[in-house]
Number of protein chains: 2
Amino acid sequence: MPRPRSLTARHLATAALTVIDRDGLAGLSMRAVATELGIATMSLYRYVPDREALERQVVDLVLDGVDTAPPAGQPWQRQLAGLLERVRTAVAAHPGAVPLTVTHRHTSEAVRQWSETVLGVLAAAGFTPRRRALALRALLAYLTGALQNEHLAPLAGEATTALAELPPDAYPLLSGTASEAARVPAAEEFRAGLDLLLSGLSAAPR
Amino acid sequence: MPRPRSLTARHLATAALTVIDRDGLAGLSMRAVATELGIATMSLYRYVPDREALERQVVDLVLDGVDTAPPAGQPWQRQLAGLLERVRTAVAAHPGAVPLTVTHRHTSEAVRQWSETVLGVLAAAGFTPRRRALALRALLAYLTGALQNEHLAPLAGEATTALAELPPDAYPLLSGTASEAARVPAAEEFRAGLDLLLSGLSAAPR
DNA sequence: ACCTGAACACCGTTCAAGT
DNA sequence: ACCTGAACACCGTTCAAGT
């Protein structure tokens, strides 16, 4: 069993993401990552101070691939939509890591770059610094919540099915709505909610 | 050390919430809850099958206090705003429990009642079943994400301060916006994002 | 000096021993 | 029959022993 000489925190993150993709977030442990790399558990601590730092590296790895250049030649609402959708696509590739992205996004370099771009689009659209900040926070809130909704209880998933089977006399609207909506694809649902927010931004004072 | 004879799952939830409020979510363990109740750890399993079920009981406890009657005598947008704000208020009283409400809200009876009310307001406003479902999901996404934003990195908190201290040449907008926005109270921020969503709903087809 | 096995202080939960 | 202590299989991390 040959042991690699020099690793980086990024190598650990890649191994951790492999574990998450295979065994889910519950399967992630320092021991599992070490086994994945073929080294002793304690050797991980040469590259990373603790588990939390490793988790942050995983989030950076997931989000580093997101293109943060504003989509050119489109109205600003479409530019924002494109930027949000890129994050959704990157995160959706690793559903097991969703809780980590939510917890650690604040320290992610990739998220900072992305936020800077979003603010640039909002500035070009004429929003004041204060309204830019509020708009960014609202977009981040929706993005965060939508990713979690999608991961924890997809609209077309079992949770909705369970809702559809509720007694209609107790929940006349919820039971009916759930069965009606169970066929909406996740990407369409994400876009529908995002469009509401962007429509609100279009009408808002700048 | 007298031990109580008959407890309920709700008693366990109350003790668990006490632990969370005092020591944070990290301090929550079966042993801590048992100690709080003055019983043996294993006795908990007479009232609850496992830790996850206990967590669900905590979420129900936090959300059971939310009034799910639609605020009367107001336009539907204000009714929705009121319903969202009630949840925010209830959850904000137990910030340590925020991650639990996000994870377990799908199985919460209180959330179902609340969702039924929201759908009723949307139906009265003329939205089709499909558009009601999409609107509810968008509102839940925003609510979920906003609560997490507020708990994990309040706009006026240290995360924003850290952003404000970023090198302005690398993040010209983010650094400036952060210091500008650091004074927005959480309640105002929540309302601002919600207003964007409600404005979008007002303009949306029904 | 570098790497790592054993150990420590936890955790949720099983199970058998106690009443 | 009810309750629960000891034990099991984990976990992140400390620390000293090994090279």
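Here is how names work: the chains are called A, B, and so on, in the same order as the sequence lines, proteins then strands, and each is numbered from 1. If you're wondering where the values come from, they're calculated on a predicted model, not measured in any experiment.
A:His11 and A:Thr8 share a side-chain donor-acceptor pair at under 3.5 Å. Judged purely by distance below 3.5 Å, without hydrogens or angles, the side chains of B:His104 and B:Thr107 never pair a donor atom with an acceptor atom. Remark: the A:Ser202 side chain and the A:Gln77 side chain contain an N/O donor-acceptor pair separated by less than 3.5 Å.
Residues A:Pro70 and A:Arg86 come closest through the heavy atom pair C-NH2, 4.5 Å.
Among the protein residues, A:Met30 comes within range of the sugar-phosphate backbone only, with heavy atoms under 4.0 Å from sugar or phosphate atoms but none that close to a base.
Across D:dT14, C:dC11, D:dC3, the shortest atom-to-atom separation from the side chain of B:Arg31 is found for C:dC11. Side-chain proximity of A:Arg51 to D:dC3, C:dG12, D:dG12: nearest is D:dG12. Here the side chain of A:Tyr45 is nearest to one of D:dT13, C:dC3, C:dG12, namely D:dT13. Of all nucleotides listed (C:dG5, D:dT4, D:dG12), C:dG5 comes nearest to the side chain of A:Ala40.
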### Task
Taking Watson-Crick and G-U wobble pairs with both distances under 3.5 Å, convert DNA chain D into its dot-bracket string, 5' to 3', dots for unpaired and | for cross-strand pairs.
|..|||||...|||||..|
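Between A:Ser29 and D:dC11 there is a side-chain N or O to OP1 or OP2 distance below 4.0 Å. Listed pair B:Arg46 / D:dC3 meets the phosphate criterion, a side-chain N or O lying under 4.0 Å from OP1 or OP2.
Residues A:His106 and A:Val111 fail the side-chain proximity criterion, which asks for heavy atoms closer than 4.5 Å.
Counting to the nearest Å, the P atom of D:dG18 and the CE atom of A:Met42 are 18 Å from each other. Separating the CG atom of B:Leu54 from the P atom of C:dG12 is a distance of 10 Å, rounded to the nearest angstrom. The separation between A:Leu7 atom CG and C:dC2 atom P is 15 Å, rounded to whole Å. Atom C1' of nucleotide C:dG12 and atom CG of B:Asp50 are separated by 9 Å, given to the nearest angstrom. The CD-P distance, from B:Glu52 to C:dG12, rounds to 13 Å in whole Å. If you take CD1 of B:Ile39 and C1' of D:dT4, they are 10 Å apart, rounded to a whole angstrom.
A salt bridge between B:Arg56 and B:Glu109 is absent, with no side-chain N of the basic residue lying under 4.0 Å from a carboxylate O of the acidic one. Ionic pairing of A:Glu188 and B:Arg130 is present here: one or more N-O contacts between side-chain nitrogen and carboxylate oxygen are shorter than 4.0 angstrom.
Of the residues in residues 21-28 of chain B, not one places a heavy atom less than 4.0 Å from an atom of DNA chain D.
Formation of a donor-acceptor pair under 3.5 Å by the B:Tyr142 side chain with backbone atoms of B:Phe190 is found in this model.
Residues satisfying the ring-ring contact (aromatic ring centres under 6.0 Å, His included) test with B:Trp76, not counting sequence neighbours, are B:Phe127.
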